[in-house]
K.L.:
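Quick one: structure below, then a few questions.
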Amino acid sequence: MKLSDLVFKSFVLSDFDENCYVVHIRGAKECVVVDPGPDAGVVLEYLRANALVPVAVLITHGHCDHFAGLSELKAEWSEAKVYVGENEAYKLSDPVANLSAPFGFPHVQSEYEVTLRDGEEFTVANLTFKTLETPGHSVGHVLYQLTLEDAIIVFCGDLVFKNAVGRADFADGDHMALFDSIKSKLLTLPDSTYLLPGHGSSTTVGRERLENPFLRKL
């Protein structure tokens, strides 16, 4: 399968400017949703307008801006399975740990179907993803790597951004772990690897290796 065989759609949600992604094989109706944040109505409208059926929802980490739209999505597509890292799943139902309470809107999501370990692969909507556990921004943060014949795409959550890296000053954040995750899990990938982050513009491993001021020491 090649990059041209896929459709990617991104949405910027809520005051957090959080990126939600929808991906599917061109012409297929089954799709995958990554990190449905708050105010996800525009995502649902896109799914309805294109008769798409989300069969899986991938959560990179359990901060509320990356999953607060999940209950709305599940209310309409109850069969969609929620995937989350095994060390991060507890946050979905803990409004303090998922940062919704500190921001003044306590939110919990108690329902998820699949927890993932580092290196685990799974196939949904005929797309095979590899799970990469990358602690630092949060203790159980994961990336989702999609390897095609002519490209590698990584949904990288809040681990790294264009010209920046994720915060590590939350309760379970760790600066040393963050940079170790970037060095061992991202910078080992080809420079041509596409990075689709949780906030901001898309980028590539090669660009960040050369131009990201936080990564020059790596």
K.L.:
Say whether, by atom type as modelled, one donor and one acceptor occur between the side chain of Lys74 and the main chain of Ala80 under 3.5 angstrom.
P.N.:
yes
K.L.:
Could you check whether His24 and Asn50, counting side-chain N and O atoms only, form a donor-acceptor pair closer than 3.5 Å?
P.N.:
no
K.L.:
So, do His66 and Phe16 have ring centers that fall under 6.0 Å from each other?
P.N.:
no
K.L.:
When rounded to the nearest 0.5 angstrom, what is the spacing between CG in Leu44 and CZ in Phe11?
P.N.:
9.5 Å
K.L.:
A side-chain contact here means heavy atoms from C-beta on lying under 4.5 Å apart; do Asp174 and Pro135 qualify?
P.N.:
no
K.L.:
How are the rings of His61 and His141 set to each other: parallel, tilted or perpendicular (split at 30° and 60°)?
P.N.:
parallel
K.L.:
Using the side chain to side chain contact (heavy atoms under 4.5 Å, CB included) rule, take Val33 and Cys20 through it: C-alpha gap first, then chi angles, then the decisive distance, then the call.
P.N.:
CA-CA 7 Å; Val33 178; Cys20 172; 3.8 Å; yes
K.L.:
Looking at Leu187, is its backbone amide N or carbonyl O close enough to the side chain of Arg209 to form a donor-acceptor pair, meaning the two atoms are under 3.5 Å apart?
P.N.:
yes
K.L.:
Report yes if some heavy atom in the side chain of Pro190 is under 4.5 Å from a heavy atom in the side chain of Thr193; otherwise report no.
P.N.:
yes
K.L.:
If we ignore hydrogens and angles and just use 3.5 Å, is the side chain of Asn212 paired with the main-chain N or O of Ala164 as donor and acceptor?
P.N.:
yes
K.L.:
Between Leu196 and Val34, is the side chain to side chain contact (heavy atoms under 4.5 Å, CB included) condition met? List the steps.
P.N.:
CA-CA 10 Å; Leu196 302 183; Val34 182; over 6 Å; no
K.L.:
CZ of Arg207: more than 12 outside heavy atoms within 6.0 angstrom?
P.N.:
yes
K.L.:
So does Asp94 have more than 12 non-hydrogen atoms from other groups sitting under 6.0 Å from CG?
P.N.:
yes
K.L.:
Testing the basics here: between Ser138 and Lys91, what is the closest heavy-atom pair and its distance to 0.1 Å?
P.N.:
CB-NZ, 3.0 Å
K.L.:
Going by the side chain to side chain donor-acceptor pair (under 3.5 Å) test, name the single residue among Asp158, Thr134, Asp35 that passes it with Thr60.
P.N.:
Asp35
K.L.:
Distance from Asp172 atom CG to Glu88 atom CD, nearest 0.5 Å?
P.N.:
6.5 Å
K.L.:
For Ala40 and Gly37, which heavy atoms make the closest approach, and how far apart are they?
P.N.:
CB-O, 3.4 Å
K.L.:
What pair of heavy atoms forms the shortest contact from Gly166 to Phe161, and how long is it?
P.N.:
CA-CE1, 3.7 Å
K.L.:
For the side chain of Glu149 and the backbone of Met1, is there at least one donor-acceptor N/O pair under 3.5 Å apart?
P.N.:
yes
K.L.:
Using the rule that two of Ile, Leu, Val, Met, Phe, Trp, Tyr join whenever any of their side-chain heavy atoms come within less than 4.5 Å, decide whether Val142 and Leu159 are in one cluster.
P.N.:
no
K.L.:
May I ask you to test the Ile153-Phe8 pair for a side-chain heavy-atom distance under 4.5 Å?
P.N.:
yes
K.L.:
Here's a test for you: under side-chain contact (heavy atoms from CB on, under 4.5 Å), which of Cys31, Pro54, Ser10 qualifies with Val22?
P.N.:
Cys31
K.L.:
Of the non-hydrogen atoms in Ser93 and Val108, which two are nearest, and what is the gap between them?
P.N.:
O-CG1, 3.6 Å
K.L.:
Measuring from Asp191:CG to Leu210:CG, what's the distance to the nearest 0.5 Å?
P.N.:
6.5 Å
K.L.:
Which atom names give the shortest non-hydrogen contact between Pro95 and Pro102, and what distance separates them?
P.N.:
O-CD, 3.6 Å
K.L.:
Can you confirm whether Thr131 sits close enough to Leu143 that some side-chain heavy atom of one is under 4.5 Å from a side-chain heavy atom of the other?
P.N.:
no
K.L.:
Would you say Asp169 has more than 12 foreign heavy atoms packed within less than 6.0 Å of its CG?
P.N.:
yes
K.L.:
Using 0.5 Å steps for rounding, measure from the NZ atom of Lys162 to the CG atom of Leu195.
P.N.:
11.5 Å
K.L.:
Taking Val154 as the starting point, is it possible to reach Val32 by hopping between hydrophobic residues whose side chains are less than 4.5 Å apart?
P.N.:
no
K.L.:
Working to the nearest 0.5 Å, report the span between CD of Glu120 and NZ of Lys130.
P.N.:
12.0 Å
K.L.:
Any chance you could measure Asp5, atom CG, to Asn126, atom CG, to the nearest 0.5 Å?
P.N.:
12.0 Å
K.L.:
Can a donor-acceptor pair be found between the side chains of Thr203 and Glu208 at a distance below 3.5 Å?
P.N.:
yes
K.L.:
Going by the angle between their ring planes, with limits at 30° and 60°, are Phe122 and Tyr144 parallel, tilted or perpendicular?
P.N.:
perpendicular
K.L.:
Locate the shortest heavy-atom distance separating Asn19 from Gly200; write the atom from each residue and the value.
P.N.:
ND2-O, 2.8 Å
K.L.:
For the side chain of Asp39 and the backbone of Leu13, is there at least one donor-acceptor N/O pair under 3.5 Å apart?
P.N.:
no
K.L.:
If you count heavy atoms of other groups shown closer than 6.0 angstrom to OH of Tyr194, is the number above 12?
P.N.:
no
K.L.:
According to a 4.5 Å side-chain heavy-atom criterion applied to Ile, Leu, Val, Met, Phe, Trp and Tyr, with indirect links allowed, do Tyr90 and Phe170 form part of one hydrophobic cluster?
P.N.:
no
K.L.:
Does Lys81 count as lying over the ring of Tyr83, i.e. NZ or CZ under 6.0 Å from the six-ring centre, within 45 degrees of the axis?
P.N.:
no
K.L.:
Taking His63 for the side chain and Asn98 for the main chain, is one N or O donor matched with an acceptor at less than 3.5 Å?
P.N.:
no
K.L.:
Any heavy-atom pair between the side chains of Leu58 and Tyr21 that's under 4.5 Å?
P.N.:
no
K.L.:
With the side chain counted from C-beta on, respond yes when Pro36 and Val43 share a heavy-atom pair under 4.5 Å apart, and no when they do not.
P.N.:
no
K.L.:
Tell me, with the steps shown, if Val82 and Glu111 meet side chain to side chain contact (heavy atoms under 4.5 Å, CB included).
P.N.:
CA-CA 8 Å; Val82 178; Glu111 183 181 357; 5.9 Å; no
K.L.:
Check the hydrophobic clustering (I, L, V, M, F, W, Y; side-chain heavy atoms under 4.5 Å; chains of links allowed) and say if Val23 and Leu3 are grouped together.
P.N.:
yes
K.L.:
Could you state whether Phe179 and Val160 fall into the same hydrophobic cluster, counting links through intermediate Ile, Leu, Val, Met, Phe, Trp or Tyr residues with side-chain heavy atoms under 4.5 angstrom apart?
P.N.:
yes
K.L.:
Side-chain contact test, heavy atoms from C-beta onward, threshold under 4.5 Å: evaluate it for Phe67 versus Val57 and give yes or no.
P.N.:
no
K.L.:
Okay, side chain of Asp150, backbone of Lys2: is any donor-acceptor separation there less than 3.5 Å?
P.N.:
no
K.L.:
Show your reasoning for whether side chain to side chain contact (heavy atoms under 4.5 Å, CB included) applies to His137 and Ser181.
P.N.:
CA-CA 10 Å; His137 177 67; Ser181 292; over 6 Å; no
